[in-house]
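Just below is one structure, and these are the notes that go with it.
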Amino acid sequence: MQKHDPKYVQADDMELIKASLQGDRLAFGEIVNRYKSMVARTVKGMLGDTVFAEDLGQEVFIKLYNSLSEFRGESKLSTYIQKIAVNITLNEIKRRKRFLSMFSHSDGSEIHEIDIPDTDDEERIDARELVTKALQMVEPKFRVILMMRLLQGYSTKETAEILGLPIGTVLSRLSRGQEQMKKILKGL
Amino acid sequence: MKKEKLKELIIKSLSGEEPDHDALRQLEEAGVSYSFSDDFAEKVVNRIYSARQSEVINVDFLSMFNRAFYRIAITGIAAIILLLVSLYISQGSLSIDSFFGLGDGFEESILCVLTGN
């Protein structure tokens, strides 16, 4: 396990970026340690809790490393990483949709049924499994908004900034996504 | 957490313009959290720096190849110049034929060699 190096535990993000650009792998390891949970929530929340999601998480940090020299510090590093994670994940969803469309006539926009074990209402269930499966059944353009609210706790303004969308669009998608989520949860 | 309570929390946390941090905290406490494997950071760092290492090796090989190519090219040009000078000294003039070692009887010689007559 890449441990938190004492040298960098107190360092701010810009210091870590500078050190990483000079080839200090411990500094970049610290960046990964700081933001891996955030990336995990995005990637696994959007794609499901699979080993493949972990590979995609690695891609996020590799892309971050390759674009570190372009980071000017105008936004928070977390916002910058979140943008990369969302873009990579949405591209992967599009790629999968294209792949699936080669084998079916579905346009992929309908809500997909995913098997979830029947449980009694009173029975305790795996909360993460329920949230993950419900999110997978929401259309991707609404899913990303729900994920950012539900798993990351982003405000509407932050979500709009990260996705590059007007606040009105985010609110409208949040509302429509919430309606989809209500229908999905009724069936689970 | 019971299923219905969980569903309520999910809907509650999605309602309103701003996030309901209390509902989100309850969801997290109920187990709605995600993480990568323990050695995730190590894997990422190893992937990045091993890729950089192989890039460095590639660049080293290419620059070595370039240097060797220049040396061979310069030696070849020097050899051609020496040949031209020696031809000029021995024959008093330069022509394409003399440069390639071709004489008047060249075609006949070739025919003799090819036909054996």
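By convention in this document, chain letters (A, B, ...) are assigned in the order of the sequence lines, proteins followed by strands, and residues within each chain are numbered from 1.
- Remark: A:R34 engages A:E30 in a salt bridge, criterion side-chain N to carboxylate O under 4.0 Å.
- Contacts between B:S13 and chain A at a heavy-atom distance below 4.5 Å involve backbone atoms as well as side-chain atoms.
- In this structure, the portion of A:L171 lying under 4.5 Å from any heavy atom of chain B is its side chain and not its backbone.
- At a 4.5 Å heavy-atom cutoff, A:V170 makes no contact with chain B through either its backbone or its side chain.
- When heavy atoms are compared at a cutoff of 4.5 Å, A:T132 approaches chain B by way of both its backbone and its side chain.
- Under 4.0 Å is where a charged nitrogen must lie from a carboxylate oxygen, and between B:R25 and B:E28 no such pair does.
- Residues B:F40 and A:F61 place their aromatic rings such that the two centres sit under 6.0 Å apart.
- Chain A forms more heavy-atom pairs under 4.5 Å with one residue of B:D20, B:V44, B:L27 than with any other, namely B:V44.
- Top candidate by heavy-atom pairs under 4.5 Å with chain B, chosen from A:G57, A:G177, A:G45, is A:G57.
- Using a 4.0 Å cut-off between a side-chain N of Lys or Arg and a carboxylate O of Asp or Glu, A:R149 and A:E158 do not qualify as a salt bridge.
- A:T79 contributes no side-chain N or O that, together with a main-chain N or O of A:S75, makes up a donor-acceptor pair within less than 3.5 Å.
- Side-chain contact between A:D49 and A:R128 is present, with at least one heavy-atom pair separated by less than 4.5 Å.
- Residue A:L150 touches chain B through both its backbone and its side chain, counting heavy-atom pairs closer than 4.5 Å.
- With a 4.5 angstrom heavy-atom cutoff, A:A134 does not touch chain B via any of its atoms.
- Between A:R96 and A:E92 there is a salt bridge, with a side-chain nitrogen of the basic residue lying less than 4.0 Å from a carboxylate oxygen of the acidic one.
- Looking at B:L24, only its side chain comes within 4.5 Å of chain A, counting heavy atoms on both sides.
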